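So that the names make sense, note that chain A is the first sequence line, chain B the second, and so on, each numbered from 1. Being a predicted model, the structure only gives us computed values, none of them experimental.
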Amino acid sequence: MRKIVAAFACLVLLARPAAHADEIRPAYLELREVAPGEFDVLWQTPMMGDARLDLEPEFSGEAVPVSPVVTRTVPGNAIRTWTLRAPALRGQTLRIRGLERTVTDVLTRIAFLDGTVAINVLQPATPSVVVQERQSRLALARSYVVYGIQHIIFGADHLLFVLGLLLIVADRWMLIKTVTSFTVAHSITLVVATLGFAHAPVEPLNAAIALSILFLGPEIARIWRGETSLTIRAPWLVAFVFGLLHGFGFAGALTGAGLPRGDLAVALLTFNIGVEIGQIAFVLLVVALERSFRQLEISWPPLIARAPGYLIGSAGAFWTIQRTAILFGVVQ
Amino acid sequence: MNPRRRRRAGGPSLPPGRVHVRTALAAAAVLAAGPAQAHLTNSGFGPFYDGLAHPLLSPEDILPAVAMTLLAGLGGARCGRFVLATLPLAWLTGMVGGWALGLPGAPAWLLAIMTALLGALVASDLRPPLTLVVAAAAAIGALHGYDNGRDLAATTGALVAIIGIACSLFAVVSLVTGQIVVVKAQWARLAVRICGSWIAAVGLLMFGWAMRG
(Lines give C-alpha, C1' and ligand atoms only; values in the text may rest on other atoms or scores of the structure.)
Protein backbone atom coordinates (compact mmCIF):
# COMPACT_ATOMS: atom_id res chain seq x y z
CA MET A 1 0.00 0.00 0.00
CA ARG A 2 2.89 2.32 0.66
CA LYS A 3 4.46 2.14 -2.79
CA ILE A 4 2.06 3.97 -5.01
CA VAL A 5 3.70 5.58 -7.94
CA ALA A 6 4.31 9.26 -8.40
CA ALA A 7 2.50 9.16 -11.69
CA PHE A 8 -0.69 8.42 -9.88
CA ALA A 9 -0.28 11.31 -7.51
CA CYS A 10 0.42 13.58 -10.46
CA LEU A 11 -2.80 12.32 -11.99
CA VAL A 12 -4.67 13.69 -8.99
CA LEU A 13 -3.23 17.13 -9.57
CA LEU A 14 -3.76 17.01 -13.31
CA ALA A 15 -7.37 16.11 -12.79
CA ARG A 16 -7.85 19.50 -11.22
CA PRO A 17 -7.81 22.12 -13.93
CA ALA A 18 -8.03 25.28 -11.84
CA ALA A 19 -5.21 26.74 -9.86
CA HIS A 20 -6.92 26.73 -6.48
CA ALA A 21 -7.91 23.50 -4.79
CA ASP A 22 -11.50 23.06 -3.65
CA GLU A 23 -12.49 26.38 -5.16
CA ILE A 24 -14.64 25.37 -8.06
CA ARG A 25 -17.43 27.46 -6.71
CA PRO A 26 -20.49 27.03 -8.86
CA ALA A 27 -22.78 29.81 -9.94
CA TYR A 28 -26.44 29.59 -9.01
CA LEU A 29 -29.47 30.75 -10.95
CA GLU A 30 -32.86 30.67 -9.32
CA LEU A 31 -36.10 31.66 -11.01
CA ARG A 32 -39.20 31.72 -8.82
CA GLU A 33 -42.54 32.30 -10.50
CA VAL A 34 -44.36 34.88 -8.40
CA ALA A 35 -47.22 35.59 -10.80
CA PRO A 36 -48.22 33.80 -14.01
CA GLY A 37 -45.34 34.32 -16.43
CA GLU A 38 -43.41 36.53 -14.00
CA PHE A 39 -40.29 35.35 -12.22
CA ASP A 40 -38.09 36.68 -9.44
CA VAL A 41 -34.53 36.00 -10.56
CA LEU A 42 -31.54 35.44 -8.28
CA TRP A 43 -28.22 35.16 -10.12
CA GLN A 44 -25.20 34.36 -7.97
CA THR A 45 -21.77 34.25 -9.58
CA PRO A 46 -18.37 33.60 -7.99
CA MET A 47 -15.95 36.49 -7.65
CA MET A 48 -12.30 36.21 -8.61
CA GLY A 49 -10.76 39.03 -6.61
CA ASP A 50 -12.87 42.11 -7.28
CA ALA A 51 -14.30 40.88 -10.56
CA ARG A 52 -17.29 38.62 -11.02
CA LEU A 53 -17.14 35.79 -13.53
CA ASP A 54 -18.41 37.00 -16.88
CA LEU A 55 -21.45 34.74 -17.11
CA GLU A 56 -24.95 35.71 -18.19
CA PRO A 57 -28.13 33.65 -18.45
CA GLU A 58 -30.01 33.84 -21.77
CA PHE A 59 -33.30 32.36 -22.92
CA SER A 60 -34.10 31.35 -26.48
CA GLY A 61 -37.61 32.87 -26.42
CA GLU A 62 -39.47 35.78 -24.91
CA ALA A 63 -37.91 36.66 -21.53
CA VAL A 64 -37.79 40.36 -20.74
CA PRO A 65 -36.48 42.02 -17.55
CA VAL A 66 -39.21 44.22 -16.09
CA SER A 67 -37.29 45.62 -13.15
CA PRO A 68 -33.84 47.12 -12.71
CA VAL A 69 -31.03 44.70 -11.87
CA VAL A 70 -29.89 45.08 -8.26
CA THR A 71 -26.32 43.94 -7.55
CA ARG A 72 -24.79 43.24 -4.15
CA THR A 73 -21.72 41.32 -3.09
CA VAL A 74 -21.21 38.83 -0.32
CA PRO A 75 -17.79 37.26 0.44
CA GLY A 76 -16.74 35.38 -2.68
CA ASN A 77 -19.94 35.97 -4.65
CA ALA A 78 -21.84 38.64 -6.55
CA ILE A 79 -25.62 38.42 -6.33
CA ARG A 80 -27.93 40.04 -8.85
CA THR A 81 -31.69 40.13 -8.56
CA TRP A 82 -34.38 41.30 -10.95
CA THR A 83 -37.82 40.39 -12.21
CA LEU A 84 -38.29 38.65 -15.54
CA ARG A 85 -41.40 38.38 -17.65
CA ALA A 86 -41.50 35.13 -19.61
CA PRO A 87 -45.03 34.03 -20.51
CA ALA A 88 -43.87 30.67 -21.92
CA LEU A 89 -40.67 29.64 -20.20
CA ARG A 90 -41.23 25.92 -20.52
CA GLY A 91 -39.73 24.57 -23.70
CA GLN A 92 -37.27 27.46 -24.02
CA THR A 93 -33.54 26.84 -24.01
CA LEU A 94 -31.67 28.35 -21.10
CA ARG A 95 -28.06 29.10 -21.96
CA ILE A 96 -25.30 30.50 -19.77
CA ARG A 97 -23.25 32.75 -22.01
CA GLY A 98 -19.51 32.51 -21.33
CA LEU A 99 -19.74 29.25 -19.37
CA GLU A 100 -17.80 27.31 -22.00
CA ARG A 101 -14.74 29.49 -21.29
CA THR A 102 -14.69 28.65 -17.57
CA VAL A 103 -14.18 25.60 -15.37
CA THR A 104 -17.15 26.34 -13.15
CA ASP A 105 -20.66 24.92 -13.09
CA VAL A 106 -24.03 26.57 -12.85
CA LEU A 107 -26.78 25.05 -10.78
CA THR A 108 -30.16 26.22 -12.05
CA ARG A 109 -33.46 25.98 -10.24
CA ILE A 110 -36.74 27.12 -11.73
CA ALA A 111 -39.79 26.95 -9.46
CA PHE A 112 -43.18 27.34 -11.12
CA LEU A 113 -46.44 28.44 -9.53
CA ASP A 114 -47.92 24.97 -9.94
CA GLY A 115 -45.29 23.61 -7.54
CA THR A 116 -43.08 21.93 -10.13
CA VAL A 117 -39.37 22.59 -9.93
CA ALA A 118 -36.75 22.10 -12.66
CA ILE A 119 -33.19 21.69 -11.43
CA ASN A 120 -30.18 21.26 -13.67
CA VAL A 121 -26.41 21.46 -13.49
CA LEU A 122 -24.89 23.23 -16.49
CA GLN A 123 -21.22 22.69 -17.26
CA PRO A 124 -18.69 24.20 -19.66
CA ALA A 125 -19.22 21.24 -22.01
CA THR A 126 -23.03 21.55 -21.80
CA PRO A 127 -23.80 25.23 -21.19
CA SER A 128 -27.48 25.05 -22.17
CA VAL A 129 -30.58 23.10 -21.25
CA VAL A 130 -34.18 23.00 -22.37
CA VAL A 131 -36.58 23.93 -19.57
CA GLN A 132 -38.62 20.79 -19.24
CA GLU A 133 -42.36 20.60 -18.73
CA ARG A 134 -41.82 18.61 -15.57
CA GLN A 135 -38.65 17.28 -13.93
CA SER A 136 -38.83 13.93 -12.21
CA ARG A 137 -37.26 13.21 -8.85
CA LEU A 138 -34.97 10.82 -10.67
CA ALA A 139 -33.62 13.57 -12.91
CA LEU A 140 -33.10 15.79 -9.87
CA ALA A 141 -31.26 13.00 -8.06
CA ARG A 142 -29.12 12.35 -11.11
CA SER A 143 -28.08 16.01 -11.25
CA TYR A 144 -26.92 15.96 -7.64
CA VAL A 145 -25.14 12.60 -7.95
CA VAL A 146 -23.17 13.99 -10.88
CA TYR A 147 -22.48 17.16 -8.92
CA GLY A 148 -21.21 15.11 -5.96
CA ILE A 149 -18.93 13.00 -8.16
CA GLN A 150 -17.66 16.13 -9.80
CA HIS A 151 -16.91 17.81 -6.50
CA ILE A 152 -14.75 14.93 -5.28
CA ILE A 153 -12.91 14.22 -8.53
CA PHE A 154 -12.07 17.88 -9.03
CA GLY A 155 -11.26 18.39 -5.35
CA ALA A 156 -7.53 17.76 -5.41
CA ASP A 157 -7.30 18.48 -1.68
CA HIS A 158 -9.88 15.83 -0.75
CA LEU A 159 -8.25 13.27 -3.05
CA LEU A 160 -4.75 14.02 -1.77
CA PHE A 161 -5.97 13.58 1.79
CA VAL A 162 -7.48 10.19 0.89
CA LEU A 163 -4.26 9.25 -0.95
CA GLY A 164 -2.27 10.22 2.15
CA LEU A 165 -4.44 7.94 4.28
CA LEU A 166 -3.93 5.10 1.77
CA LEU A 167 -0.17 5.56 2.06
CA ILE A 168 -0.38 5.23 5.83
CA VAL A 169 -2.68 2.23 6.25
CA ALA A 170 -0.81 -1.02 6.63
CA ASP A 171 -3.36 -3.67 5.67
CA ARG A 172 -6.71 -4.22 4.06
CA TRP A 173 -8.72 -4.28 7.30
CA MET A 174 -7.22 -0.98 8.40
CA LEU A 175 -7.97 0.43 4.93
CA ILE A 176 -11.66 -0.47 5.29
CA LYS A 177 -11.79 0.99 8.81
CA THR A 178 -10.06 4.21 7.74
CA VAL A 179 -12.13 4.83 4.62
CA THR A 180 -15.35 4.06 6.49
CA SER A 181 -14.31 6.38 9.29
CA PHE A 182 -13.62 9.22 6.85
CA THR A 183 -16.96 8.60 5.12
CA VAL A 184 -18.95 8.57 8.35
CA ALA A 185 -17.24 11.72 9.62
CA HIS A 186 -17.69 13.81 6.51
CA SER A 187 -21.27 12.61 6.13
CA ILE A 188 -22.07 13.78 9.68
CA THR A 189 -20.80 17.32 9.14
CA LEU A 190 -22.21 17.46 5.61
CA VAL A 191 -25.70 16.79 6.97
CA VAL A 192 -25.31 18.99 10.06
CA ALA A 193 -23.94 21.95 8.12
CA THR A 194 -26.37 21.62 5.22
CA LEU A 195 -29.34 21.55 7.58
CA GLY A 196 -28.00 24.69 9.24
CA PHE A 197 -27.20 23.24 12.68
CA ALA A 198 -23.53 24.20 12.40
CA HIS A 199 -21.53 26.57 10.31
CA ALA A 200 -17.84 26.85 9.45
CA PRO A 201 -16.57 30.06 7.83
CA VAL A 202 -15.08 29.33 4.43
CA GLU A 203 -11.59 30.80 4.75
CA PRO A 204 -10.54 29.23 8.10
CA LEU A 205 -12.13 25.99 6.94
CA ASN A 206 -10.07 25.90 3.73
CA ALA A 207 -6.91 26.59 5.73
CA ALA A 208 -7.77 23.79 8.16
CA ILE A 209 -8.41 21.34 5.30
CA ALA A 210 -5.01 22.25 3.86
CA LEU A 211 -3.48 21.70 7.30
CA SER A 212 -5.01 18.21 7.41
CA ILE A 213 -3.09 17.33 4.23
CA LEU A 214 0.12 18.88 5.52
CA PHE A 215 -0.31 16.87 8.72
CA LEU A 216 -0.11 13.60 6.75
CA GLY A 217 3.23 14.45 5.07
CA PRO A 218 5.45 13.99 8.17
CA GLU A 219 3.44 10.91 9.17
CA ILE A 220 4.29 9.30 5.81
CA ALA A 221 7.95 10.25 6.33
CA ARG A 222 7.82 8.51 9.75
CA ILE A 223 6.83 5.29 7.99
CA TRP A 224 9.86 5.56 5.69
CA ARG A 225 12.08 5.88 8.76
CA GLY A 226 10.44 2.86 10.39
CA GLU A 227 8.97 4.94 13.21
CA THR A 228 5.47 4.82 14.56
CA SER A 229 2.88 7.27 15.89
CA LEU A 230 -0.77 7.43 16.86
CA THR A 231 -1.65 8.28 13.24
CA ILE A 232 0.22 5.25 11.94
CA ARG A 233 -1.25 2.94 14.58
CA ALA A 234 -4.80 4.29 14.24
CA PRO A 235 -5.22 6.13 10.93
CA TRP A 236 -8.98 5.68 11.22
CA LEU A 237 -8.95 8.12 14.15
CA VAL A 238 -7.20 10.81 12.11
CA ALA A 239 -9.52 10.06 9.19
CA PHE A 240 -12.49 10.64 11.46
CA VAL A 241 -11.27 13.87 13.01
CA PHE A 242 -10.20 15.44 9.74
CA GLY A 243 -13.17 13.89 7.94
CA LEU A 244 -15.36 16.21 10.03
CA LEU A 245 -13.52 19.17 8.50
CA HIS A 246 -13.78 17.85 4.96
CA GLY A 247 -17.53 17.35 5.47
CA PHE A 248 -17.88 21.08 6.15
CA GLY A 249 -16.06 21.61 2.85
CA PHE A 250 -18.53 19.38 1.01
CA ALA A 251 -21.42 21.20 2.68
CA GLY A 252 -19.93 24.51 1.57
CA ALA A 253 -19.97 23.33 -2.02
CA LEU A 254 -23.54 22.13 -1.75
CA THR A 255 -25.00 25.13 0.07
CA GLY A 256 -22.84 27.60 -1.82
CA ALA A 257 -24.63 26.52 -4.96
CA GLY A 258 -27.98 27.18 -3.35
CA LEU A 259 -30.19 24.35 -2.24
CA PRO A 260 -33.70 23.60 -3.37
CA ARG A 261 -35.70 24.00 -0.16
CA GLY A 262 -38.45 21.60 -1.14
CA ASP A 263 -36.00 18.94 -2.28
CA LEU A 264 -33.40 19.31 0.42
CA ALA A 265 -33.40 15.67 1.50
CA VAL A 266 -33.05 14.37 -2.07
CA ALA A 267 -30.30 16.86 -2.86
CA LEU A 268 -28.36 16.11 0.32
CA LEU A 269 -28.62 12.35 -0.02
CA THR A 270 -27.78 12.17 -3.70
CA PHE A 271 -24.94 14.68 -3.44
CA ASN A 272 -23.40 12.55 -0.68
CA ILE A 273 -23.93 9.41 -2.77
CA GLY A 274 -22.07 11.12 -5.61
CA VAL A 275 -19.20 12.05 -3.29
CA GLU A 276 -18.98 8.46 -2.03
CA ILE A 277 -19.07 7.04 -5.57
CA GLY A 278 -16.17 9.27 -6.56
CA GLN A 279 -14.22 8.48 -3.39
CA ILE A 280 -14.75 4.71 -3.59
CA ALA A 281 -13.80 4.68 -7.28
CA PHE A 282 -10.58 6.53 -6.42
CA VAL A 283 -9.72 4.18 -3.53
CA LEU A 284 -10.45 1.08 -5.62
CA LEU A 285 -8.33 2.38 -8.47
CA VAL A 286 -5.37 3.09 -6.20
CA VAL A 287 -5.65 -0.30 -4.48
CA ALA A 288 -5.99 -2.15 -7.80
CA LEU A 289 -2.99 -0.32 -9.26
CA GLU A 290 -0.88 -1.06 -6.20
CA ARG A 291 -1.82 -4.75 -6.47
CA SER A 292 -0.93 -4.81 -10.15
CA PHE A 293 2.45 -3.19 -9.53
CA ARG A 294 3.16 -5.84 -6.90
CA GLN A 295 2.16 -8.64 -9.26
CA LEU A 296 4.35 -7.20 -11.98
CA GLU A 297 7.21 -7.23 -9.43
CA ILE A 298 8.04 -3.61 -10.13
CA SER A 299 10.66 -2.19 -7.81
CA TRP A 300 10.41 1.58 -8.04
CA PRO A 301 13.50 3.69 -7.43
CA PRO A 302 13.29 5.23 -3.92
CA LEU A 303 12.73 8.72 -5.27
CA ILE A 304 9.70 7.64 -7.30
CA ALA A 305 8.36 5.43 -4.52
CA ARG A 306 8.50 8.39 -2.11
CA ALA A 307 7.26 11.03 -4.55
CA PRO A 308 3.57 10.73 -3.52
CA GLY A 309 4.56 11.41 0.09
CA TYR A 310 6.63 14.43 -0.92
CA LEU A 311 3.79 15.63 -3.12
CA ILE A 312 1.25 15.38 -0.30
CA GLY A 313 3.50 17.21 2.15
CA SER A 314 4.46 19.92 -0.34
CA ALA A 315 0.92 20.50 -1.62
CA GLY A 316 -0.35 20.57 1.97
CA ALA A 317 2.30 23.13 2.93
CA PHE A 318 1.61 25.29 -0.13
CA TRP A 319 -2.16 25.33 0.40
CA THR A 320 -1.75 25.96 4.12
CA ILE A 321 0.44 29.01 3.51
CA GLN A 322 -1.73 30.24 0.64
CA ARG A 323 -5.02 29.84 2.48
CA THR A 324 -3.68 31.28 5.72
CA ALA A 325 -2.47 34.29 3.76
CA ILE A 326 -5.96 34.61 2.26
CA LEU A 327 -7.48 34.22 5.72
CA PHE A 328 -5.46 37.14 7.09
CA GLY A 329 -5.99 39.23 3.98
CA VAL A 330 -2.34 39.19 2.92
CA VAL A 331 -3.36 38.01 -0.55
CA GLN A 332 -6.72 37.78 -2.29
CA MET B 1 -11.64 -6.10 -58.65
CA ASN B 2 -8.64 -7.52 -60.39
CA PRO B 3 -9.27 -7.16 -64.21
CA ARG B 4 -8.07 -10.69 -64.89
CA ARG B 5 -10.53 -12.08 -62.34
CA ARG B 6 -13.25 -9.80 -63.70
CA ARG B 7 -12.74 -11.19 -67.20
CA ARG B 8 -12.82 -14.73 -65.82
CA ALA B 9 -16.06 -13.94 -64.03
CA GLY B 10 -17.54 -12.69 -67.27
CA GLY B 11 -17.81 -9.04 -66.20
CA PRO B 12 -17.18 -6.15 -68.57
CA SER B 13 -13.49 -5.59 -69.16
CA LEU B 14 -11.88 -2.16 -68.78
CA PRO B 15 -8.91 -0.76 -70.69
CA PRO B 16 -5.67 -1.33 -68.70
CA GLY B 17 -5.13 2.41 -68.21
CA ARG B 18 -8.52 2.93 -66.57
CA VAL B 19 -8.01 -0.13 -64.40
CA HIS B 20 -4.82 1.37 -63.03
CA VAL B 21 -6.53 4.70 -62.36
CA ARG B 22 -9.37 3.00 -60.52
CA THR B 23 -7.00 0.83 -58.52
CA ALA B 24 -4.96 3.87 -57.56
CA LEU B 25 -8.11 5.80 -56.60
CA ALA B 26 -9.34 2.89 -54.48
CA ALA B 27 -5.94 2.57 -52.82
CA ALA B 28 -5.86 6.31 -52.15
CA ALA B 29 -9.34 6.19 -50.68
CA VAL B 30 -8.35 3.34 -48.37
CA LEU B 31 -5.10 5.03 -47.41
CA ALA B 32 -6.83 8.31 -46.74
CA ALA B 33 -9.51 6.70 -44.63
CA GLY B 34 -9.26 7.91 -41.07
CA PRO B 35 -10.10 5.92 -37.99
CA ALA B 36 -13.76 5.20 -37.33
CA GLN B 37 -13.95 7.22 -34.09
CA ALA B 38 -12.26 10.55 -34.48
CA HIS B 39 -13.87 12.81 -31.89
CA LEU B 40 -13.19 12.96 -28.18
CA THR B 41 -15.77 11.52 -25.84
CA ASN B 42 -17.51 14.18 -23.78
CA SER B 43 -17.49 12.97 -20.18
CA GLY B 44 -18.90 16.26 -18.91
CA PHE B 45 -16.00 16.50 -16.43
CA GLY B 46 -13.50 18.45 -18.53
CA PRO B 47 -10.72 17.57 -20.97
CA PHE B 48 -8.62 15.46 -18.59
CA TYR B 49 -11.54 13.16 -17.83
CA ASP B 50 -12.57 13.24 -21.50
CA GLY B 51 -9.07 11.92 -22.22
CA LEU B 52 -9.34 9.28 -19.49
CA ALA B 53 -12.62 8.04 -20.95
CA HIS B 54 -11.54 8.17 -24.58
CA PRO B 55 -9.56 4.91 -24.88
CA LEU B 56 -12.15 3.05 -22.82
CA LEU B 57 -14.96 4.11 -25.14
CA SER B 58 -13.10 3.76 -28.46
CA PRO B 59 -13.00 0.12 -29.59
CA GLU B 60 -10.36 0.82 -32.24
CA ASP B 61 -8.04 2.05 -29.47
CA ILE B 62 -8.88 -0.18 -26.55
CA LEU B 63 -8.83 -3.47 -28.51
CA PRO B 64 -5.19 -3.33 -29.66
CA ALA B 65 -4.15 -1.96 -26.26
CA VAL B 66 -5.88 -4.83 -24.47
CA ALA B 67 -4.49 -7.39 -26.97
CA MET B 68 -1.03 -6.01 -26.34
CA THR B 69 -1.45 -6.23 -22.56
CA LEU B 70 -2.86 -9.76 -22.77
CA LEU B 71 0.14 -10.80 -24.84
CA ALA B 72 2.48 -9.13 -22.35
CA GLY B 73 0.71 -10.74 -19.41
CA LEU B 74 0.97 -14.20 -20.93
CA GLY B 75 4.67 -13.53 -21.43
CA GLY B 76 5.25 -13.07 -17.68
CA ALA B 77 6.08 -10.26 -15.27
CA ARG B 78 9.24 -9.10 -17.08
CA CYS B 79 7.43 -8.82 -20.40
CA GLY B 80 4.57 -7.03 -18.62
CA ARG B 81 6.95 -4.48 -17.11
CA PHE B 82 8.53 -3.74 -20.49
CA VAL B 83 5.16 -3.27 -22.17
CA LEU B 84 3.97 -1.08 -19.27
CA ALA B 85 7.01 1.11 -19.83
CA THR B 86 6.65 1.13 -23.63
CA LEU B 87 3.01 1.26 -24.69
CA PRO B 88 1.76 4.33 -22.77
CA LEU B 89 4.97 6.23 -23.48
CA ALA B 90 4.87 5.43 -27.21
CA TRP B 91 1.18 6.37 -27.27
CA LEU B 92 1.96 9.68 -25.54
CA THR B 93 4.83 10.40 -27.94
CA GLY B 94 2.62 9.54 -30.91
CA MET B 95 -0.14 11.81 -29.62
CA VAL B 96 2.20 14.75 -29.21
CA GLY B 97 3.53 14.08 -32.73
CA GLY B 98 0.04 13.90 -34.23
CA TRP B 99 -1.03 17.02 -32.35
CA ALA B 100 2.03 18.95 -33.53
CA LEU B 101 2.21 17.72 -37.14
CA GLY B 102 -1.40 17.09 -38.06
CA LEU B 103 -0.48 15.05 -41.13
CA PRO B 104 -2.53 11.97 -42.08
CA GLY B 105 -1.72 8.97 -39.94
CA ALA B 106 -1.66 5.23 -40.58
CA PRO B 107 -4.56 3.92 -42.66
CA ALA B 108 -7.41 2.33 -40.73
CA TRP B 109 -6.94 -1.02 -42.49
CA LEU B 110 -3.36 -1.28 -41.26
CA LEU B 111 -4.39 -0.59 -37.67
CA ALA B 112 -7.18 -3.15 -38.00
CA ILE B 113 -4.78 -5.78 -39.37
CA MET B 114 -2.37 -5.12 -36.52
CA THR B 115 -5.21 -5.58 -34.04
CA ALA B 116 -6.20 -8.86 -35.69
CA LEU B 117 -2.58 -10.10 -35.67
CA LEU B 118 -2.14 -9.25 -32.00
CA GLY B 119 -5.38 -11.03 -31.17
CA ALA B 120 -4.21 -14.06 -33.16
CA LEU B 121 -0.90 -14.09 -31.27
CA VAL B 122 -2.77 -14.11 -27.94
CA ALA B 123 -5.14 -16.82 -29.16
CA SER B 124 -2.30 -19.04 -30.36
CA ASP B 125 -0.41 -18.62 -27.04
CA LEU B 126 2.81 -18.14 -28.99
CA ARG B 127 5.64 -16.59 -26.99
CA PRO B 128 7.32 -14.09 -29.28
CA PRO B 129 10.75 -12.82 -28.16
CA LEU B 130 10.67 -9.89 -25.74
CA THR B 131 12.25 -7.56 -28.31
CA LEU B 132 9.45 -8.27 -30.77
CA VAL B 133 6.74 -7.70 -28.15
CA VAL B 134 8.29 -4.39 -27.11
CA ALA B 135 8.65 -3.33 -30.75
CA ALA B 136 4.99 -4.21 -31.38
CA ALA B 137 3.97 -2.20 -28.29
CA ALA B 138 5.97 0.78 -29.51
CA ALA B 139 4.48 0.55 -33.02
CA ILE B 140 0.89 0.14 -31.79
CA GLY B 141 1.32 2.98 -29.30
CA ALA B 142 2.93 5.35 -31.78
CA LEU B 143 0.44 4.73 -34.61
CA HIS B 144 -2.73 4.88 -32.51
CA GLY B 145 -1.36 7.74 -30.45
CA TYR B 146 -0.55 9.68 -33.61
CA ASP B 147 -4.16 9.33 -34.78
CA ASN B 148 -5.49 10.42 -31.39
CA GLY B 149 -3.19 13.44 -31.29
CA ARG B 150 -4.07 14.51 -34.82
CA ASP B 151 -7.79 14.22 -34.11
CA LEU B 152 -7.42 16.22 -30.91
CA ALA B 153 -5.48 19.05 -32.50
CA ALA B 154 -8.58 21.12 -33.22
CA THR B 155 -10.18 20.66 -29.80
CA THR B 156 -9.76 22.92 -26.79
CA GLY B 157 -7.71 21.51 -23.95
CA ALA B 158 -6.04 19.03 -26.30
CA LEU B 159 -2.83 18.72 -24.29
CA VAL B 160 -4.70 18.04 -21.06
CA ALA B 161 -6.82 15.44 -22.88
CA ILE B 162 -3.62 13.87 -24.24
CA ILE B 163 -2.28 13.48 -20.70
CA GLY B 164 -5.64 11.99 -19.70
CA ILE B 165 -5.42 9.42 -22.50
CA ALA B 166 -1.86 8.48 -21.49
CA CYS B 167 -2.88 8.08 -17.84
CA SER B 168 -5.85 5.98 -18.86
CA LEU B 169 -3.64 3.69 -20.94
CA PHE B 170 -1.10 3.43 -18.15
CA ALA B 171 -3.88 2.34 -15.79
CA VAL B 172 -5.36 -0.12 -18.29
CA VAL B 173 -2.00 -1.70 -19.08
CA SER B 174 -1.08 -1.93 -15.37
CA LEU B 175 -4.39 -3.39 -14.30
CA VAL B 176 -4.80 -5.92 -17.12
CA THR B 177 -1.18 -7.07 -17.27
CA GLY B 178 -0.99 -7.26 -13.47
CA GLN B 179 -3.95 -9.63 -13.39
CA ILE B 180 -2.81 -11.81 -16.31
CA VAL B 181 0.74 -12.46 -15.08
CA VAL B 182 -0.59 -14.31 -12.03
CA VAL B 183 -2.95 -16.47 -14.06
CA LYS B 184 -1.80 -20.05 -13.59
CA ALA B 185 -4.91 -22.22 -13.99
CA GLN B 186 -5.26 -23.84 -17.40
CA TRP B 187 -8.87 -22.75 -17.81
CA ALA B 188 -7.95 -19.13 -17.00
CA ARG B 189 -5.19 -19.09 -19.61
CA LEU B 190 -7.67 -20.57 -22.03
CA ALA B 191 -10.11 -17.76 -21.22
CA VAL B 192 -7.39 -15.21 -22.00
CA ARG B 193 -6.70 -16.95 -25.32
CA ILE B 194 -10.41 -16.91 -26.14
CA CYS B 195 -10.39 -13.15 -25.51
CA GLY B 196 -7.51 -12.98 -27.98
CA SER B 197 -9.50 -14.86 -30.61
CA TRP B 198 -12.41 -12.45 -30.21
CA ILE B 199 -10.09 -9.50 -30.61
CA ALA B 200 -8.68 -11.13 -33.77
CA ALA B 201 -12.21 -11.59 -35.10
CA VAL B 202 -13.16 -7.98 -34.35
CA GLY B 203 -9.89 -6.83 -35.95
CA LEU B 204 -10.77 -8.71 -39.13
CA LEU B 205 -14.23 -7.19 -39.08
CA MET B 206 -12.73 -3.72 -38.72
CA PHE B 207 -10.38 -4.52 -41.58
CA GLY B 208 -13.40 -5.40 -43.72
CA TRP B 209 -15.10 -2.12 -42.84
CA ALA B 210 -11.94 -0.16 -43.56
CA MET B 211 -11.56 -1.81 -46.97
CA ARG B 212 -15.20 -1.08 -47.81
CA GLY B 213 -14.53 2.58 -47.09
**Flag, side chain of A/Ser292 to backbone of B/Ser174, donor-acceptor distance under 3.5 Å** =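 It does hold such a pair.
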
**Prompt:** In residues 78-89 of chain B, which residues are in contact with chain A at a heavy-atom separation under 4.5 Å?
**Reply:**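 Residues in range: B/Gly80, B/Arg81, B/Leu84.
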
**Item:** Contacts with chain A made by residues 178-197 of chain B (heavy-atom distance under 4.5 Å), listed by residue number
**Value:**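 Heavy-atom contacts from residues 178-197 of chain B to chain A are B/Gly178, B/Gln179, B/Val181, B/Val182.
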
**Request:** Could you check B/Tyr49 against A/Phe154 for side chain to side chain contact (heavy atoms under 4.5 Å, CB included), going step by step and ending with a plain yes or no?
**Result:** CA-CA 10 Å; B/Tyr49 289 98; A/Phe154 282 131; 3.5 Å; yes

**Message:** Please give me the minimum heavy-atom distance between A/Gln295 and B/Ala77, naming the atom from each residue.
**Reply:**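 What the structure gives for the nearest pair is O-CB, 4.2 Å.
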
**Asked** Is the number of heavy atoms from other residues, nucleotides or ligands under 6.0 Å of A/Arg291 CZ greater than 12?
**Response**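 12 or below, so no.
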
**Item:** Approximate separation, where rounding is to 0.5 Å, of A/Phe293 CZ and B/Leu175 CG
**Value:**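 A/Phe293 CZ to B/Leu175 CG: 8.0 Å, rounded to 0.5 Å.
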
